[in-house]
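Working notes, beginning with the structure itself.
Worth knowing before you read on, the calculation uses all heavy atoms, side chains too, and leaves out hydrogens, waters and symmetry mates. This one's a predicted model, so the numbers in the text were calculated from it and none came from an experiment. Throughout, protein chains are lettered first and strands after them, A, B, ... in sequence-line order, and every chain is numbered starting at 1.
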Amino acid sequence: MEPTDETCRQEELAEVMRRRLEKLEQLRRSEEPFKFRFSPRDPINSLQEKYAELPAGEETEDVTRVAGRIMGLRRHGKATFCDLVDFGDKIQLLASVDGLGEERYQSFGMLDVGDWLGVEGTIFRSKRGELTVRISSYELLSKSLRPLPEKWHGLRDVETRYRQRYVDLLVNPEVRDALITRTRTIKALRRFLDERGFIEVETPMLQPIPGGATARPFVTYHNALDMQLYLRVAPELYLKRLIVGGLEKVYEINRSFRNEGISIKHNPEFTMLEFYWAFVDYMDLAGFLEEMLATVVREVNGAMRLEYQGRPLEMSPPWRRVTMLDAVAAATGQEISFERSLDDLRELARGYEVPSEAAWGKGKIITELFEKTVEPTLFEPTLVMDYPKEVSPLARIHRSNPELTERFELIVANRELANAFSELIDPIDQRERFNKQAELRRQGDEEAQFVDRDFLRALEIGMPPTGGLGLGVDRLVMLLTDAPSIRDVILFPHLRPE
RNA sequence: GCGCCCGUAGCUCAAUGGCAGAGCAGGGGACUCUUAAUCCCAAGGUUGGAGGUUCAAGUCCUCCCGGGCGUACCA
């Protein structure tokens, strides 16, 4: 983009901007309109706290320096009230001929809503009860050239909110609140794991073989190495290598990328927590997950009861546990087991508008039936236990049923929030599972997993019994912020270029 | 991908197929405790883009661009 062209075009289009550019030029003749610093200063929230008890109409001699963005101007001839905001906190300023003198008051009139301003003055509380700084001196810190959205209705246009998140953040406080809830959630997760001896690590996002999830990857290219690379769909296989390497408790909170459709629940890049813990199995993980989320919800939300999209959502453990087979049996009123024939199950699935593909086995059909008939009914937290082997190529075979794995998912508000299993540590079995996936891939399944020979080599070195868990952080934050869309908890959701 | 809906001034929104409007912001003026300040005046538009139907299109039709929701794939 050519800045001059863009500026000229704007000049023709927007009178507001043309006038501000003129002001800027005029200012440049007497001062630098983009200052280097304004320090020291008092944060506005600290002043609001310090003077919370100051009664209306009461003056102080206390001198303060504050800096922030002008979010409102109310001019009354020889006095002007001004709303100044820093980090979301507001304080009122009073500029007057009395306080500034004719000349400085005159040039105060050059300021616009949106400008960054630094002032010095004394604190008082106005007759109407507003904490106010009586300005004795001020300086423009940075000139704003574009107008902000209307003060009352704000910025509503969804597209503009996503594209110009910097404006959205200024005028829609709930965006800032959601962002803060997000960082508090992630900090609470970190603290919980750190306190229990987990080590945070970072593993490759650029991977020669994308593994750890059944999903289509993004493809990219490394010039110097002349090779294709993939953006990771999960950190799983690398974290498990670390377990092999003797790091017995590891976790990573970071982005993964999946080349799939965008929806209210899906962004192409999303944040996942994955942790791996040696010597425990999936039953241990189930209890640990309950404790972890209970702790996080209590820390971030205060109470264990949330409200999500108009419905009460009780997060207190213990959560309901049900096996996938029992859940599907209950939903269909039929006995669900691997004793039934493939055709039989296929016929049943058809009855629920689940058209099964030729390559699907019994496990896949049952899982699809689950997603169609059960998942939409699970609002309160539910641990769905024992997923079929066919759809779980990295999970260990169930100790009491070879068709199943020791795997559970946590479903909350009709969506998958976490996924965990007793890890498959048998290299011979893992090789067979990879080969099966490779076969599906040859048959055209683009989401089937790749054979990762180095990962197999790691398993052959020897991996201890391990439990591993992945948690969708964005989705957890959605619950905690009552957000209908994942875009509400991601600062810059993916959009097509303007 | 597919289906439905939306796109009008900087922002928020109006306008039976019949002269494109309002509030806020911005401009000029009055005003020294206001806070959605108030009052007076003036200005602001290629109705997302390109075609078409019509005496006449913001409005109807086709295509394109962007967005939202649903659906499919998935966490």
Review point. Side chain of D98(A), base of rU32(B): donor and acceptor closer than 3.5 Å?
Key: yes
Check your understanding: Are F198(A) and W277(A) close enough, and set up right, to give a ring pair (Phe, Tyr, Trp, His ring centres under 6.0 Å), and what steps lead you there?
Key -> CA-CA 8 Å; F198(A) 284 80; W277(A) 183 4; 5.7 Å; yes
Review point. Within the structure shown, what part of the strands sits under 4.0 Å from Q92(A) by heavy-atom distance: base, sugar-phosphate, or nothing?
Key: base
Exercise for review: Using a heavy-atom cut-off of under 4.0 Å over every strand shown, decide if F124(A) touches base, sugar-phosphate, or nothing.
Suggested key: base
Exercise for review: Determine the contact category for R216(A): base if any of its heavy atoms lies under 4.0 Å from a base atom, sugar-phosphate if only primed atoms, P, OP1 or OP2 are that close, otherwise nothing.
Suggested key: nothing
Exercise for review: Report the residues that fulfil side-chain hydrogen bond (donor to acceptor under 3.5 Å, both in side chains) with S126(A), sequence neighbours left out, ordered by chain and then residue number.
Suggested key: none
Practice item. Return the value, rounded to whole Å, for the distance between atom CG of D488(A) and atom P of rG68(B). Key: 11 Å
Review point. Looking for any heavy atom pair under 4.0 Å, which part of the strands does G77(A) touch: base, sugar-phosphate only, or nothing?
Key: base
Check your understanding: Taking side chain as C-beta onward, heavy atoms only, is W319(A) less than 4.5 Å from L289(A)?
Key -> yes
**Study point:** Short side-chain donor-acceptor distance under 3.5 Å, E102(A) and Q106(A)
**Key:** no
Practice item. Please report the C-alpha distance between F288(A) and F275(A) in whole Å, then the side-chain angles of each, then the deciding distance to 0.1 Å, and finally whether the ring pair (Phe, Tyr, Trp, His ring centres under 6.0 Å) criterion is met. Key: CA-CA 11 Å; F288(A) 188 76; F275(A) 70 76; 5.4 Å; yes
Practice item. Verify whether one side chain among Q449(A) and T214(A) offers a donor that lies under 3.5 Å from an acceptor in the other. Key: yes
Review point. Which part of the nucleic acid does E59(A) contact within heavy-atom distance under 4.0 Å: base, sugar-phosphate only, or nothing?
Key: base
Exercise for review: For D157(A), answer base if it contacts any base atom (sugar-phosphate contacts may also be present), sugar-phosphate if it contacts only those atoms, and nothing otherwise; contact means non-hydrogen atoms under 4.0 Å.
Suggested key: sugar-phosphate
So which protein nitrogen or oxygen atoms get under 3.5 Å of nucleotides 64-67 of chain B's nitrogens or oxygens?
{"from": "rG66(B)", "atom 1": "O3'", "to": "R163(A)", "atom 2": "NH2", "distance (Å)": "3.0"}
{"from": "rG66(B)", "atom 1": "O2'", "to": "E159(A)", "atom 2": "OE1", "distance (Å)": "3.1"}
{"from": "rG66(B)", "atom 1": "O2'", "to": "E159(A)", "atom 2": "OE2", "distance (Å)": "2.2"}
{"from": "rG66(B)", "atom 1": "O2'", "to": "R163(A)", "atom 2": "NH2", "distance (Å)": "3.4"}
{"from": "rG67(B)", "atom 1": "OP1", "to": "R496(A)", "atom 2": "N", "distance (Å)": "2.7"}
{"from": "rG67(B)", "atom 1": "OP2", "to": "R496(A)", "atom 2": "NH1", "distance (Å)": "3.3"}
{"from": "rG67(B)", "atom 1": "O4'", "to": "E159(A)", "atom 2": "OE1", "distance (Å)": "3.1"}

Review point. With sugar-phosphate meaning primed atoms plus P, OP1 and OP2, does G72(A) contact a base, only sugar-phosphate, or nothing at under 4.0 Å between heavy atoms?
Key: nothing
Exercise for review: Nearest whole angstrom, please: distance from the C1' of rG10(B) to the CD of E150(A).
Suggested key: 11 Å
Review point. Counting any heavy atom closer than 4.0 Å, what does N267(A) reach on the DNA or RNA strands: base, sugar-phosphate only, or nothing?
Key: base
Practice item. Mark yes or no for a side-chain to base donor-acceptor pair under 3.5 Å between S126(A) and rU34(B), with no hydrogen or angle criteria applied. Key: yes
Review point. Within the pair K23(A) and rG27(B), is there a side-chain N or O less than 4.0 Å away from OP1 or OP2?
Key: yes
Study note, to complete from the structure: By nearest-nucleotide position on RNA chain B, the 5'-leaning member of R134(A) and G154(A) is G154(A)
Practice item. Would you indicate what R128(A) reaches in the nucleic acid, counting non-hydrogen atoms under 4.0 angstrom: base, sugar-phosphate, or nothing? Key: base
Review point. Do R241(A) and T203(A) have a side chain donor and acceptor closer than 3.5 Å?
Key: no
**Study point:** N267(A) side chain to R487(A) side chain, donor-acceptor N/O pair below 3.5 angstrom
**Key:** no
Point to revise | Length of the CD1-C1' vector between I91(A) and rU34(B), whole Å | key: 15 Å
Check your understanding: According to the Watson-Crick and G-U wobble definitions, with both distances under 3.5 Å, which nucleotide is paired to rU34(B)?
Key -> none
Practice item. Using a heavy-atom cut-off of under 4.0 Å over every strand shown, decide if G470(A) touches base, sugar-phosphate, or nothing. Key: nothing
